[in-house]
Each structure stands twice: as C-alpha cells, then as structure tokens.
Number of protein chains: 2
Amino acid sequence: MPRRRQAVTIKHVAADAGVSLQSVSRVINQQPNVREELRDRVQASIDKLGYVPSIAAQRMSGSRSYLILAINDRERTIADWRARQGSDWVDQMLLGGMLKCAELGYRLIFELVDTHNDHVERELQAAIAALQPDGVILTPPHSDNPLITDLLRDQSIPFVQIGSRGEGGGIPIIMGDHGAARMATRYLIDLGHERIGFIAGSPEYRLSTWRTKGWHEEMASEGLPVEGLLAEGDFTLEAGRAAARELLSRTSRPTAILASSDQMAIGAIETVREQGLEVPRDLSVVSFDNTPITRSTRPTVTAVDQPIAETTSRAVELLVAAKRGEEIPEGPINIPVGFIVRESTAAPPPD
Amino acid sequence: MPRRRQAVTIKHVAADAGVSLQSVSRVINQQPNVREELRDRVQASIDKLGYVPSIAAQRMSGSRSYLILAINDRERTIADWRARQGSDWVDQMLLGGMLKCAELGYRLIFELVDTHNDHVERELQAAIAALQPDGVILTPPHSDNPLITDLLRDQSIPFVQIGSRGEGGGIPIIMGDHGAARMATRYLIDLGHERIGFIAGSPEYRLSTWRTKGWHEEMASEGLPVEGLLAEGDFTLEAGRAAARELLSRTSRPTAILASSDQMAIGAIETVREQGLEVPRDLSVVSFDNTPITRSTRPTVTAVDQPIAETTSRAVELLVAAKRGEEIPEGPINIPVGFIVRESTAAPPPD
DNA sequence: GTGAAAGCGCTAACAA
DNA sequence: TTGTTAGCGCTTTCAC
C-alpha cells in the first residue's frame, strides 16, 4: 500500500489564495479578525480545490477532534442485534445523533463498552486515547457508573448522561420516566381500571425506579392499592412472561398491566393469552419504548414513546455548546415522551 | 475548553522502558527486527501505563488510520429510521462490521451519502479527506456507482462492493441473490405451486435483476409460465400493495408471490387480504430480507435471510487483508443466504 | 537490531 | 488584521 497523503491541504489553499496558512485556518474555523475580502478569497479557493480539513491534523494541533463518542452497553446491544427483535434504539440514536453532528460539523462515533467488566475504565480510556473525542454520550446503564463518570470528569471531557439525574458531573438528560409512568397509569385509570399491575425494569437502570415511583404515585393519588401489583423484570420477553405469571397468580388479579419495555409487554400478552384471557378484553397492556414491534403484533400495543432520536440530538447540541464554552442549563433536561394509543388497551371487563 | 493532550504518549512509554521512540513504535506495529527481550520490556511499559496510540497521530505520519468507512444511502436509511418499521439492515452491518473491526484493531465509521445528489463525489471526497479511512464498504445502490468507484480507485483506497459483481475495481461481495431467488422459487414449486408471481426490486439495485433472473430460470427449468407474473416495486410497503394488486388482476392469478423485500411482501399480504383471500390458504408469500417484522406479523412470513452481518464482517476482513497487501480471492465472493420457513407458505388451493 | 532526524497537516501563541 | 514559529504524537527514512 502506498503512503497516502492528503490530496489538498491547507498549504494548497493558502498558495492558491495567496495568503498564509493561518488565514486559511481562521477562515475554516470561522474565527474573527479576518477581513471579508480575504475571507471570500480563501473560501473561493477552498471551494475551487474542494479542500476539506483532515480531522487527524486538526486534532493533532488544536483542541478539537470533531468527534462525539456515543457509548452503549456491549452485551445488551449485541444481544439485541442478534435477537433481531426489532429494537431500534441504536438506529434512533444514530438518527438523532448523526444528523445533528453533521449539522454542526461533527462526526458521531458509536462504541460498545462492557458494563459488567472490571476493565470498563481501561476500555473507555482506550477509546478516548485513540479517538480523543470532544464529547461523550453515556446511555444507561453506563450513565451513572462512577468508574466512567469519574474518568471523564478527571479528563474534563464534556459528557451527557442520558437517563440520569446527573450525580456524575455530566450533563443529565432524562426522558421523563417519572411523568411518563404517571401518564400511562392515569390513562389506564381513566379507562376505568383500578387494579393496575406494574412490571419494573432492572434496578441497575435508575429509570426503573423513577417509573415505579411514577406508577406508585399516580395510583396513590387515586387511593388505589398497589399491594401485590408490582413485579420486576430485566426488560426481556421472558422476564415479561414470568412477571405476568406472577401478577396473574395473585388473588386479586390486575385488569391492566404497565410494562417497562415492549418486550416485557409482549411476554405478558403471551402469558395472558395462555391463561385463556384476551387482550384488551380481559386485560389491558401498556408498554414503554414504542419499538417497531408494537405495531406489528396482534393486538398492537399501546406504548409510551421514548424520544431517543430527539434526546441524542439534544445531547450532541449540548456537548458542542459545552465545548464552545457556552452556558449549559442547570438541572436535568427533560425530553417529553409521547404516548401512542393502540389496540392493547380498553376499559376493564365488568366484574 | 483547555487544550487536551494525550495523557500517555509514546514518549512516556519510551522513557519508562528506556528505549527510543522507534522501538516502541516497532512493538506497537508488530514490526520485525526487535529483540524479544526489548519487546517484552516495552510491552510491559505499555501495559503498565495503559498506553493507547492516538489514531490521529498514527494517521498523520503513517499510512494507516485504522478506520473503515461504511457507506449507506442517506435518503433510504433515514427514511427507514424514521418509519420505524423494524428494518435492521444498519444494525446487522454494525454487528458484523464493528465486531470484526474491534477484533482487528480497527474502527468502523458509519456514513450516509446521498445517491441522488450531483455531489456524491464531493460528499464522499469530504468524508475521505476528513477521515482518511483505510478502506471503504459500499452498499447498494452505491456499490456500482461509477462516480464513487472511480473516485476510490483513483485514490487507491481499497473498497468492497456489496451486492456487486465488481465492475468498479473493488472487491465484490454478493449475497447469493440469483441462487436465493431460485431456491425460494423452487421451494414454492415443490409445494405444488405453478403460477408464482415475482415482485422485483427497483432496477437501480443490480441485485433486483439477479433475483428476477433466478426466479425466471427456476420457473423455466420446470417449463412454468412467467407471462404476466412479474411486477416491479421499489422495496416499500406501498409498492408491494400496488404490485400485488397488479398481479391479482391478471386473468390467471398467481397462487404464490415471491417479493424482493419484507415490506413489499407485507404490502402484498395486506392487498391479498383486502381481496377476500387468505394467506397462505389461497396464496403463499415469500419475501427477501428476513427483517424482524417477518416474525411478528400474522401470518409470520417465510423469508430468504440476507446474511448482512456476515457479509459486512467479511468485507472488513478483506479490506484489512488488502491493506496488508495480502492476496484477495478472484471473482465475486458469495455469502450464502438462509431460508426461513414460516406461516405464509403452504400448498396451493385445489383448483 | 536500534536510534536520530525529519515531517505529516494543522492550530496556538506570538510577533508584526 | 495578518504572518511566523513551534510543536501536537507518531512513523518513515536513513544512519549507526
């Protein structure tokens, strides 16, 4: 392989425009103190030669790499990809993140990091050392991992903590989990349900607690009981089945179930069906996530929509703003969720 | 923002091990002419200090960037992401590509490029100039775009053409479209079908032609007619509906339909149903792709499985091998497809 | 087998 | 407002 050099460098542009390297650099970086005439001349040369700065070189000398690193949990992500069950979390992150990055002249690099590894830090550190990103986007369950947040804070790399209230020193963004759980519970209450079961997600994810709390509060606000109506799962289909079996075995069985993931909701629906009941006639089901599968099952599933694309887009914006030294709003940023009513919910059966 | 420097550089390692920068570089790059004793000593320092080379610096001086660029069609990809219909093409590419890259010490960068743009070259050129990738993975419909292949060839950047027979000068990889279409057609013939309709994909994709040819040949091999049994679509659900309407309007209506995408198959199923027919009782349907949705519709869809992850994985291997100057096999590499039988196929109805 | 020197493309700091 | 200088971290010569 021949050693490949940049086809058009800043030198070519400088020569073509008859100015110094510095002036070209200033134009590229939209810095002040450049006369308009000179700026135009340089820009013309850039366009003419089709010059694009090498991010490697920019990173080498300057303080920016124009790279944003988005971190996801390796095990879980690969499992989702392999399962091919239509979880589009990654796609939605790319949708929001890549487009916003492109808009701002950045590039999104997607990385997998293993939470359940003693070497989380080493792994992350390696990615950081290799890429020198200008910012990092953390997703659950990494968002609140102190090994990770400490590392980033120590190196003063701006980072966003998605699904975190922000104890780690990063910029916290949440997708209204608490409010969403209340909203979904309220929807079921308004349909006439009184015994509403809740299948929580794994406690490793903070949002699990927030959602549980939201459900709990909304129930309490109506004076409805929650005793025996809470089960826990790990977001998987199988967990949904098990949790549903548990909830249905109670003497006073729920007429509705709110599940912390689409997969758990679908597992629950299957279990309900196995017990000779019908959704939504005998029991309503609402899920969290709103992945594509909610639209193709029978019945289709009423779901809380996680605004992942918008959240990631916002995350990129915030990181770039932080890098530029702009003001970042105080406190967790809350991206409002959606609620999509489909076929899996109805009024409870008459007693 | 403070100017952030590499925490541990090659200098630190060199100092720690008491050798020259050069020797450290040689160890990192596994070059010959290093005594084992020295190699071990350097490696120990690397591990101790947690040193990871900066790819920016590597790229600056050397000939490698350790970056592989995967190019997808912008418009189509974003439309898929927005539609949230569960297409997991991107995920499968990442699954195969990222894991193989990680294994080989590379990094996969995912990029979107607009085919229907006069500036394809500019866009691609910009990505190349900015990132200086060691290799590029082209996916349809980019794979055979001469604007793109010429550009890459001129710059002697190794590239893989997925879904191409390789006229562009890159490494061609195909996912057995021709054989897969024959196989699927054969499956239907063996079930007893004689009038098998085919919904082709848009001709912009070469694989559309290959599949059509495969179907045609298999039909011919049995002496079965194809007249009035071919319709064309653009892979979308709506196109599937339209194509199915067309096929069903023919005097001698098919008893089975082979569609070039899952979405078109589902569109076809909906149309079939609207006409008062039932799948698979009155008409069988087979699709190409095997995206998650095939498993959650009613009936579930029998499908040709596109081995996207494996293909991408292989693509990365080949690019790295090419970069190393290793021998690349002649002729298109064919990754075998799978065939998943589900509920949408059965014997044809009695006359 | 090992080390020293030059330079990749760009920007920060300073000088003019 | 503009240009000059000195590196960034690494690899490629080319000496030894």
Side-chain angles (χ1 to χ4, degrees), chain A residues 1-42 46 49 51-67 105 128-132 134 323 325, chain B residues 1-42 46 49 51-67 105 126 128-132 134 323:
Chain A
M1 271 299 127
R3 179 192 173 92
R4 194 170 60 246
R5 289 228 176 65
Q6 200 84 343
V8 182
T9 73
I10 198 170
K11 281 187 190 166
H12 297 102
V13 177
D16 185 82
V19 298
S20 73
L21 302 185
Q22 207 34 247
S23 299
V24 179
S25 175
R26 287 194 180 103
V27 172
I28 299 167
N29 297 292
Q30 311 189 45
Q31 281 170 12
N33 298 341
V34 185
R35 251 184 318 133
E36 193 165 340
E37 186 272 325
L38 194 150
R39 175 182 303 280
D40 291 347
R41 191 144 48 93
V42 170
I46 289 176
L49 301 174
Y51 168 70
V52 179
S54 150
I55 66 166
Q58 290 188 117
R59 155 66 201 107
M60 280 300 293
S61 44
S63 45
R64 284 146 309 152
S65 64
Y66 297 103
L67 260 26
I128 289 173
L131 297 162
Q132 295 279 114
D134 285 342
K323 191 74 190 174
Chain B
M1 272 297 128
R3 180 191 173 93
R4 194 167 62 244
R5 288 226 178 65
Q6 200 84 343
V8 182
T9 72
I10 198 170
K11 280 187 189 165
H12 297 101
V13 177
D16 185 80
V19 298
S20 73
L21 303 185
Q22 222 31 253
S23 301
V24 179
S25 176
R26 288 194 180 101
V27 172
I28 298 167
N29 296 293
Q30 312 189 49
Q31 281 170 10
N33 298 340
V34 185
R35 253 184 315 132
E36 193 165 341
E37 185 273 325
L38 195 151
R39 176 183 302 281
D40 291 347
R41 191 145 49 92
V42 170
I46 289 175
L49 300 174
Y51 168 71
V52 179
S54 149
I55 67 166
Q58 290 188 120
R59 152 68 200 106
M60 279 300 291
S61 44
S63 46
R64 285 145 311 152
S65 63
Y66 296 103
L67 258 28
I128 288 174
L131 298 164
Q132 294 280 112
D134 285 343
K323 192 74 190 173

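Excluded from the calculations below are hydrogen atoms, water molecules and symmetry mates; all remaining heavy atoms, backbone and side chain alike, are included. Not measured: the values here are computed from a predicted model. Chain naming here is simple, since letters A, B, ... match the order of the sequence lines and numbering starts at 1 in each.
Atom CG of Asp134(A) and atom P of dT11(C) are 13 Å apart (whole Å). Between Leu49(A) atom CG and dG9(C) atom P there is a gap of 14 Å when expressed in whole angstrom units. Rounding to whole angstrom units, NZ of residue Lys323(A) and C1' of dT11(C) are separated by 14 Å. Straight-line distance from the CD atom of Gln22(B) to the P atom of dT12(D): 9 Å, rounded to whole Å. Here dT11(C) presents its C1' atom at 15 Å from CD1 of Ile55(A), a figure rounded to the nearest Å. Rounding to whole angstrom units, CE of residue Met60(B) and P of dC10(C) are separated by 8 Å. In this structure, CZ of Arg64(B) is placed 14 Å from C1' of dG9(D), rounded to the nearest angstrom. Here dG7(D) presents its C1' atom at 17 Å from CD of Gln58(A), a figure rounded to the nearest Å.
Near DNA chain C, meaning a heavy atom under 4.0 Å from it, residues 25-36 of chain B has Arg26(B), Asn33(B), Val34(B), Arg35(B) in order of number.
Arg64(A) and Asp134(A) are not joined by a salt bridge, as no carboxylate oxygen comes within less than 4.0 angstrom of a charged side-chain nitrogen.
Here Ser23(B) reaches the OP1 or OP2 of dG3(C): one of its side-chain N or O atoms lies under 4.0 Å away.
Pairs engaging residues 16-30 of chain A under the salt bridge (Lys or Arg N to Asp or Glu O under 4.0 Å) rule: Asp16(A)-Lys48(A) [sequence neighbours left out].
Checking dG3(C), dG9(D), dC10(C) against the side-chain heavy atoms of Ile10(B) singles out dG9(D) as nearest.
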